[in-house]
**Student:** 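Below you'll find the structure I mean.
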Amino acid sequence: MADLSFPLLTCAAALPAVGAVATAALPAARRTAAKWVALLFSVATFALALVIAFRFDPGAKGPFQLTESHAWIADFGVRYELGVDGIAVALIALTALLIPFVILAGWHDADPLEEARPNRRWRPTQGFFALILAVEAMVILSFEATDVFLFYLFFEAMLIPMYFLIGGFGDGASGADEGEAAARRASAAVKFLLYNLAGGLIMLAAVIGLYAVTADQLGTGTFSLQQIVEARASGHLTLGTGTERLLFLGFFFAFAVKAPLWPLHTWLPGAMGEATSPVAVLITAVVDKVGTFAMLRFCLQLFPEASSWATPAILVLALISILYGALLAVAQRDIKRLIAYASISHFGFIILGIFAMTSQGQSGATLYMVNHGISTAALMLVAGFLISRRGSRLIADYGGVQKAAPLLAGTFLIGGLATLSLPGLAPFVSEFLVLVGTFSRYPVIGIIATAGIVLAALYVLVLYQRTMTGPPKDEVRALPDLRVRELVVVGPLIALLLFLGVYPKPLTDLVNPAVDHTLSVVDEQDPKPEVRVDAVPGHQRAGHPAHHHDAEAAK
């Protein structure tokens, strides 16, 4: 499709950014207005994301569509370059879809801070929703950027609003007094920031190194992804083996921290546990997807030889993530930390699919990013509604909830079943494709990875059994069921899990051309099944009497 004169991609990122400024600028007394302004801007962003999805043509030639390119820092080869492929379109739509539900679910999350210090100059409500919209703007730009430096800028910038969302707003259900809870939130926020900044600094060194190589060989340094890929394909740019591998490791380390991949995952459970449930959704269903997306867009396409070289080690790390995250989820006593460790296991599946280097694996990994975002959002938000009613994150404090709040228990069950990839729900298709794609090239790793499915069934069903079934505890008997606002939040997510579980074709049609392009850049093809000669009719093994008979007949 020809590029549009109207800058759709810029507007998709600018709209939530403008919404963040408008929300933050509202007077302190306009708390309700701030919520509605943030919600309206998020809905408008989702509408624009749908326009992008409908204008995108999966069958068009070329890796990117709806492109925008403008000079920015010309002396250093930095351009404002945007473009989307099917994978980016799917993840932009996911981000824009989830943010309105995050805002609705967090409608009252800033209220305790407002009530505790009503005369403070800082406006918690306006700040909370403005920060969410700021994160949305930066994530969308990260999915759109085709200039490496532009991507890096927003990849790092999103850490700032996330730091304040984690450290400044808590769910008040940690079982500690306010001072201790604030200290735990601050610790989790600092750990999140330090881990991701460390990854970002290493990536910055690799970005500078990539620029130096292009300047040396092309005469003019560039950060343009498409220009670098084309220069490599034509032979005008040649990275030495050692240089390419070092640059790849610099990029991959930053993305593995963001994803997160074992052993760089340790910031995630604390961040998700101490943040409010909507912010926890923002972390794992939105922000962390930038890491796995960047592996597909930048690691594989910029450094194809190094990606193939590192594949065995990365597959082992992904396998450890699957099993380690699932085993620790089984052992958790905290509901939110259980979901966090389950997400580590799921990200292991996503990275496994990416580096299996097969069309099924990478298509499954992309679908997994989308479907994991929806399923984790549904489960975490319902868990947040439950925790806000009881005031505790501990599994032992619940029991018999389904008798007191059947709607809450039912939606919790569907979210949990989606998390364990039950057939008929969206994540099943993703996980199946990842395992098939991995098994076709690495059968041993594929077989071991299936243990993650068994462990997922264990931690989800045990969680449901301990919290929802049995006689209701005294503190649970009076729990109210889901309210209208909460049903509006979880209802569409449940419906989407069911729809994509039985009809994933819209997503597969969207992402498959982008997957094929990525595999062609890496110069990988799906392995062909081996055909045994003796299994073909009319053929016999050498030495068999019929073989000698055929030989004599041929003479």
**Student:** Within a reach of under 6.0 Å around CZ of R390, are more than 12 heavy atoms found that belong to other residues, nucleotides or ligands?
**Tutor:**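 Check passes, neighbour count above 12.
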**Student:** In Å and rounded to the nearest 0.5 Å, what is the CZ to CG distance from F251 to L204?
**Tutor:**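 It is 9.5 Å, given to the nearest 0.5 Å.
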**Student:** Quick one, I166 and R185 - any side-chain contact, counting heavy atoms below 4.5 Å?
**Tutor:**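 They are not in side-chain contact.
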**Student:** Excluding sequence neighbours, so at least two apart, what forms side-chain hydrogen bond (donor to acceptor under 3.5 Å, both in side chains) with Y503?
**Tutor:** none
**Student:** Using side-chain heavy atoms (C-beta onward) and a distance below 4.5 Å, is I103 in contact with E136?
**Tutor:**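 Answer no - side chains too far apart.
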**Student:** Show the nearest heavy-atom pair for residues T67 and G83, with the distance to one decimal.
**Tutor:**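 So the two residues come closest at CG2-CA, 4.1 Å.
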**Student:** Has the side chain of E144 got a donor or acceptor atom that lies under 3.5 Å from a matching backbone atom of V84?
**Tutor:**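 A pair under 3.5 Å: no.
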**Student:** Taking all atoms of both residues into account, what is the closest heavy-atom pair of D509 and K505, and its distance?
**Tutor:**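 So the two residues come closest at OD2-NZ, 2.6 Å.
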**Student:** Looking at every heavy atom in both V434 and G361, which two are closest together, and how far apart are they?
**Tutor:** CG2-O, 4.0 Å
**Student:** Examine F192 together with Y163 and report whether their ring centres are nearer than 6.0 Å.
**Tutor:** no
**Student:** Tell me, with the steps shown, if L97 and L496 meet side chain to side chain contact (heavy atoms under 4.5 Å, CB included).
**Tutor:** CA-CA 11 Å; L97 167 73; L496 203 53; 3.4 Å; yes
**Student:** Give a yes or no answer on whether the side chain of W267 reaches the backbone of V257 with a donor-acceptor pair at less than 3.5 Å.
**Tutor:** yes
**Student:** Return yes if a side-chain donor-acceptor contact under 3.5 Å exists between Q226 and T146, otherwise no.
**Tutor:**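 Note: Q226 and T146 side chains miss the donor-acceptor criterion.
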**Student:** Would you compute the distance between atom CG of L264 and atom CG of N196 and round it to the nearest 0.5 angstrom?
**Tutor:**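 So the gap between those two atoms works out to 10.0 Å.
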**Student:** Under a 4.5 Å cut-off applied to non-hydrogen side-chain atoms, are F128 and V279 in contact?
**Tutor:** yes
**Student:** State which residues pass side-chain hydrogen bond (donor to acceptor under 3.5 Å, both in side chains) with K258; sequence neighbours excluded, sorted by chain then number.
**Tutor:**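 With neighbours one apart ignored, the set is empty.
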**Student:** With rounding to the nearest 0.5 angstrom, report the CD1 to OG distance, I335 to S277.
**Tutor:**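 Spacing of CD1 (I335) from OG (S277) equals 9.5 Å.
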**Student:** Side chains of V401 and L386: closer than 4.5 Å at any heavy-atom pair?
**Tutor:**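 With C-beta onward as the side chain, the pair touches.
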**Student:** Please say whether more than 12 non-hydrogen atoms of neighbouring residues, nucleotides or ligands are located less than 6.0 Å from CZ in F432.
**Tutor:**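 It does not: F432 CZ has 12 such atoms or fewer within range.
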**Student:** As an exercise, state the distance from CZ of F223 to CD1 of I228, rounded to the nearest 0.5 Å.
**Tutor:**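 Answer for the CZ-CD1 pair, F223 versus I228, is 8.5 Å.
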**Student:** Considering only residues two or more places apart or on different chains, which pairs with a residue in residues 71-84 satisfy salt bridge (charged side-chain N to carboxylate O under 4.0 Å, His left out)?
**Tutor:** R79-E81
**Student:** Under 3.5 Å, is there a donor-acceptor pair between the side chain of H346 and the main chain of G325?
**Tutor:**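 The answer is no, because no donor-acceptor pair under 3.5 Å joins these two groups.
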**Student:** Give, for atom CD of E486 and atom CZ of F101, the distance between the pair rounded to the nearest 0.5 Å.
**Tutor:**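 Here the interatomic distance stands at 14.0 Å.
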**Student:** Any chance the side chains of S343 and T284 put a donor and an acceptor closer than 3.5 Å?
**Tutor:**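 Short answer, yes.
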**Student:** Under the rule for side-chain hydrogen bond (donor to acceptor under 3.5 Å, both in side chains), what residues qualify as partners of S363, not counting sequence neighbours?
**Tutor:** N512
**Student:** Does the distance from a Lys or Arg side-chain N to an Asp or Glu carboxylate O, for E274 and R184, drop under 4.0 Å?
**Tutor:** yes
**Student:** Sub-3.5 Å donor-acceptor pair from the side chain of K289 to the main-chain atoms of T95, do we have one?
**Tutor:**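 Such a contact is absent between K289 side chain and T95 backbone.
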**Student:** Strictly distance-based, threshold 3.5 Å: is any side-chain N or O of Q65 a donor or acceptor partner for the main-chain N or O of D57?
**Tutor:**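 Checking the backbone N and O of D57 against the side chain of Q65, a donor-acceptor pair under 3.5 Å is found.
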**Student:** Restricting to non-hydrogen atoms, name the atom on I351 and the atom on A259 that form the minimum distance, rounded to 0.1 Å.
**Tutor:**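 So the minimum-distance heavy-atom pair works out to CD1-CB, 4.1 Å.
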**Student:** Test side chain to side chain contact (heavy atoms under 4.5 Å, CB included) on I350 and T366 and set out the steps.
**Tutor:** CA-CA 7 Å; I350 294 171; T366 304; over 6 Å; no
**Student:** Using a 3.5 Å distance criterion without hydrogens, assess whether the side chain of D481 forms a donor-acceptor pair with backbone atoms of L408.
**Tutor:** yes
**Student:** Check whether the ring centres of H372 and F347 lie less than 6.0 Å apart, and answer yes or no.
**Tutor:**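 Between F347 and H372, which both carry aromatic rings, the centre distance is below 6.0 Å.
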**Student:** Using side chain to side chain contact (heavy atoms under 4.5 Å, CB included), reason through D147 and T222 one step at a time and then give a plain yes or no.
**Tutor:** CA-CA 9 Å; D147 181 278; T222 180; 5.8 Å; no
**Student:** Please give me the minimum heavy-atom distance between L39 and P100, naming the atom from each residue.
**Tutor:** CD1-O, 3.9 Å
**Student:** Do any pairs count as a salt bridge (charged side-chain N to carboxylate O under 4.0 Å, His left out) and have a residue in residues 83-98, sequence neighbours left out, and if so which ones?
**Tutor:** D85-R297
**Student:** Taking atom types as modelled and ignoring hydrogens, do the side chains of Q126 and T23 form a donor-acceptor contact shorter than 3.5 angstrom?
**Tutor:**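 Their side chains do not contain a donor-acceptor pair, so the 3.5 Å distance test is not met.
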**Student:** Could you tell me the separation between the CG atom of L261 and the CZ atom of F253, rounded to the nearest 0.5 Å?
**Tutor:**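 Spacing of CG (L261) from CZ (F253) equals 10.5 Å.
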**Student:** Can you tell if the side chain of I99 reaches within under 4.5 Å of the side chain of T45, non-hydrogen atoms only?
**Tutor:**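 Not touching, per the 4.5 Å side-chain cut-off.
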**Student:** Are side-chain heavy atoms of F298 and L225 found at a separation under 4.5 Å?
**Tutor:**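 Yes, close enough: below the 4.5 Å cut-off.
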**Student:** Going by distance alone, is a donor N or O of one side chain under 3.5 Å from an acceptor N or O of the other, for Y368 and T292?
**Tutor:**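 Their side chains do not contain a donor-acceptor pair, so the 3.5 Å distance test is not met.
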**Student:** Are L487 and R483 packed together at the side-chain level, in the sense that at least one heavy-atom pair is separated by less than 4.5 angstrom?
**Tutor:**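 L487 does not reach R483 side chain to side chain.
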**Student:** So, using side-chain hydrogen bond (donor to acceptor under 3.5 Å, both in side chains) as the criterion, who are the partners of S430 when residues are at least two apart?
**Tutor:** N371
**Student:** Counting N and O atoms only, with roles assigned by atom type, does the side chain of R393 sit under 3.5 Å from a partner on the main chain of G273, one being a donor and the other an acceptor?
**Tutor:** yes
**Student:** I'd like to know if the side chain of R389 and the backbone of F385 have a donor-acceptor N/O pair within less than 3.5 Å.
**Tutor:** yes
**Student:** Are the side chain of S345 and the backbone N or O of Y341 linked by a donor-acceptor pair below 3.5 Å?
**Tutor:**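 Between the backbone of Y341 and the side chain of S345 there is no qualifying donor-acceptor contact (under 3.5 Å).
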**Student:** Report the C-alpha separation of L497 and S375 in whole Å, then their side-chain angles, then the decisive distance to 0.1 Å, and conclude whether the side chain to side chain contact (heavy atoms under 4.5 Å, CB included) test is met.
**Tutor:** CA-CA 7 Å; L497 288 173; S375 62; 3.9 Å; yes
**Student:** State yes or no: are the ring centers of Y211 and F149 separated by less than 6.0 Å?
**Tutor:**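 No: the rings miss the under 6.0 Å criterion.
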**Student:** Would you say L159 and F155 make side-chain contact, with heavy atoms under 4.5 Å?
**Tutor:** no
**Student:** For F76, I'd like to know if atom CZ has over 12 heavy atoms of other residues, nucleotides or ligands within 6.0 Å.
**Tutor:**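 Not more than 12 within 6.0 Å, no.
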**Student:** For V511 versus G86, what's the shortest heavy-atom pair and its separation?
**Tutor:**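 Shortest heavy-atom separation between V511 and G86 comes out as CG1-O, 4.0 Å.
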